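Notes follow the structure.
Fair warning: this is a prediction, and the values are worked out from it, not measured in the lab. Worth knowing before you read on, the calculation uses all heavy atoms, side chains too, and leaves out hydrogens, waters and symmetry mates.
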Amino acid sequence: MSGIGVGIGQRPQNRKQRMIKTLWTGIWLVYLSAPVTDLLHGGHSTGVRVLGWIGLAAFVTWYMILLFRTSRWDRNAAVLSALAVLAAQSTVLAVTLGREWLVLFVYVSIASGAALPLRYARWTIPGASALMTSVALAVPDGTAYLAGLLIPALLGGFAMTGVRELVRTTVALREARATVAHLAANEERLRLARDLHDLLGHSLSLITLKSELAGRMLPDQPDKAAQQVADIEQVSRQALVDVREAVSGYRRPRLAAELAGARVALTAAGVTPDIPVEPELADIPEESESALAWALREAVTNVVRHSGARRCTVTVGRRETLDGPVLELCVEDDGSGAGGGTGEGPGHGLTGLAERLHKAGGTLEAGPLKHGFRLVARVPADPAVGSGT
């Protein structure tokens, strides 16, 4: 999870997470108003009130410790033992002080759903509810409260199991996504290393061989040595060209890859993406595709950083214009209308993007909408036009 929130059944990792979880958990303690009212206005003696306050404080403390458990509470056996203590406290308080204290069993049920896996919670939640029913039958007028507490205990407990599993699944997906990205980066580095080895291995070996020959020929055959040196220069120049082409090929972004990356980036930022899976990119000049890929990267970066949007729609399609067919990219969000520029004009990213598109023979249109921001980039879709720019 991020540093802002912490999941159900997970320990807070920093101060901000502890504060948020404390506030979230504290909200639900308002339902302890029935036991508090009973202590204040239930007509109990002073000694009973003191013992009641001590019992309630012990219950809340144990409940909070269970939800904010430390590493030694990670084992299910320890959590089950803690829940047994909570159930025993609830039973003693309800039997000795009255029906108002039956609400404590609801907290036992919810704590079961929040702190235990489903394979255990599916038994402990009905168990807590059954124990509450038994105690309600033994407490005077307890059945009057039973109908209003039994359903919240069952629904609340199982709802917490669903939330807990959802949070754990989300965490697992984020970790898997990070692992896949790391593996992809490693695979790309390995592929680049293999290609550079294939490109330079032969050239460097040839340079080494010719350098040795030139060294042996230099005293007695200077003309042949000079020819070897000329060959070395030619091989070196060709190797440099090969390396530059390889590196430029790796650095050239592809629109399909950028669409996939945009989907991941928007989802991670909490923005719902509406992005085509496989756009039609046949016969598109490489320079045009690369320019649109840069435009998409800049637009998505601005959506994630500046817009505060909830949804982002990306469309890619061909258009017929007076200047010929073009490939059009449209990125539209429903955010605040901030597209990465300042209040007085476009930012450096949009300015540089416009220059890049102009170099590829394309155009850029960007501006705020009534609710959001839209960026439209167009590049030539005709290979003849693209190669001529």
Side-chain angles (χ1 to χ4, degrees), residues 173-174 176-195 245-269 271-305 307 309 311-321 324-333 339-340 349-350 352-366 373-387 389:
L173 288 176
R174 289 184 178 178
R177 184 185 301 156
T179 301
V180 170
H182 181 70
L183 292 176
N186 287 340
E187 180 63 25
E188 188 70 11
R189 284 194 290 267
L190 289 174
R191 187 175 68 167
L192 178 58
R194 288 194 298 267
D195 288 357
E245 289 180 351
V247 173
S248 63
Y250 277 106
R251 294 180 62 186
R252 184 186 298 273
R254 298 297 180 184
L255 186 56
E258 288 298 325
L259 287 170
R263 190 177 296 107
V264 173
L266 290 170
T267 302
V271 181
T272 302
D274 184 5
I275 299 177
V277 179
E278 294 182 0
E280 179 60 34
L281 300 176
D283 301 326
I284 299 299
E286 288 187 359
E287 188 174 7
S288 296
E289 181 185 352
S290 177
L292 277 193
W294 283 112
L296 177 61
R297 181 181 299 183
E298 176 67 19
V300 170
T301 299
N302 290 336
V303 171
V304 172
R305 291 183 177 179
S307 70
R311 186 175 186 88
C312 180
T313 301
V314 178
T315 57
V316 181
R318 294 175 182 266
R319 297 280 189 275
E320 291 293 333
T321 66
V326 298
L327 186 65
E328 182 181 277
L329 168 73
C330 179
V331 181
E332 183 175 336
D333 65 75
L350 292 180
L353 180 58
E355 295 172 355
R356 187 187 298 275
L357 287 168
H358 179 73
K359 184 178 180 180
T363 59
L364 175 68
E365 297 177 6
F373 191 90
R374 177 189 293 160
L375 181 146
V376 180
R378 301 182 182 91
V379 292
D382 188 349
V385 176
S387 62
T389 58

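Residue P276 comes nearest to R263 through the heavy atom pair O-NH2, 3.1 Å, listed as atom of the first residue, atom of the second, then distance. Here the shortest heavy-atom pairing between E289 and L255 reads OE2-N, 3.2 Å. Nearest heavy-atom pair, A295 versus L353, reported as atom, atom and distance to 0.1 Å: CA-CD1, 3.4 Å. Heavy atoms only, all atoms of each residue included: V271 and A309 are closest at CG2-O, 3.4 Å. The two residues L350 and F373 make their nearest non-hydrogen contact at CD1-CZ, 4.5 Å. Here the closest non-hydrogen pair linking P325 and E320 is CB-OE2, 3.6 Å.
Residues that satisfy the side-chain contact (heavy atoms from CB on, under 4.5 Å) test with R374, not counting sequence neighbours, are C330, E332, L369, V376. For the side-chain contact (heavy atoms from CB on, under 4.5 Å) test, residues two or more places apart in sequence or in another chain that qualify with R177 are V264, T267, A268. By the side-chain contact (heavy atoms from CB on, under 4.5 Å) test, T272 is found to be paired with R311, residues two or more places apart in sequence or in another chain being considered.
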- Message: Could you go through V304 and L266, starting from their C-alpha distance and side-chain angles, then the distance that decides it, and tell me whether this counts as side-chain contact (heavy atoms from CB on, under 4.5 Å)?
- Response: CA-CA 7 Å; V304 172; L266 290 170; 4.0 Å; yes
- Message: E328 vs T321, test: side-chain contact (heavy atoms from CB on, under 4.5 Å). Steps then yes/no.
- Response: CA-CA 11 Å; E328 182 181 277; T321 66; over 6 Å; no
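A side-chain donor-acceptor contact under 3.5 Å links S288 to the backbone of P380.
Distance check: L357 CG to L364 CG gives 5.5 Å after rounding to the nearest 0.5 Å.
Checking each of V303, D274, I275 against C312 for a side chain to side chain contact (heavy atoms under 4.5 Å, CB included) leaves exactly one that passes, namely V303. Applying side chain to side chain contact (heavy atoms under 4.5 Å, CB included) to V314 and the options L375, D333, V331 leaves one that passes, V331.
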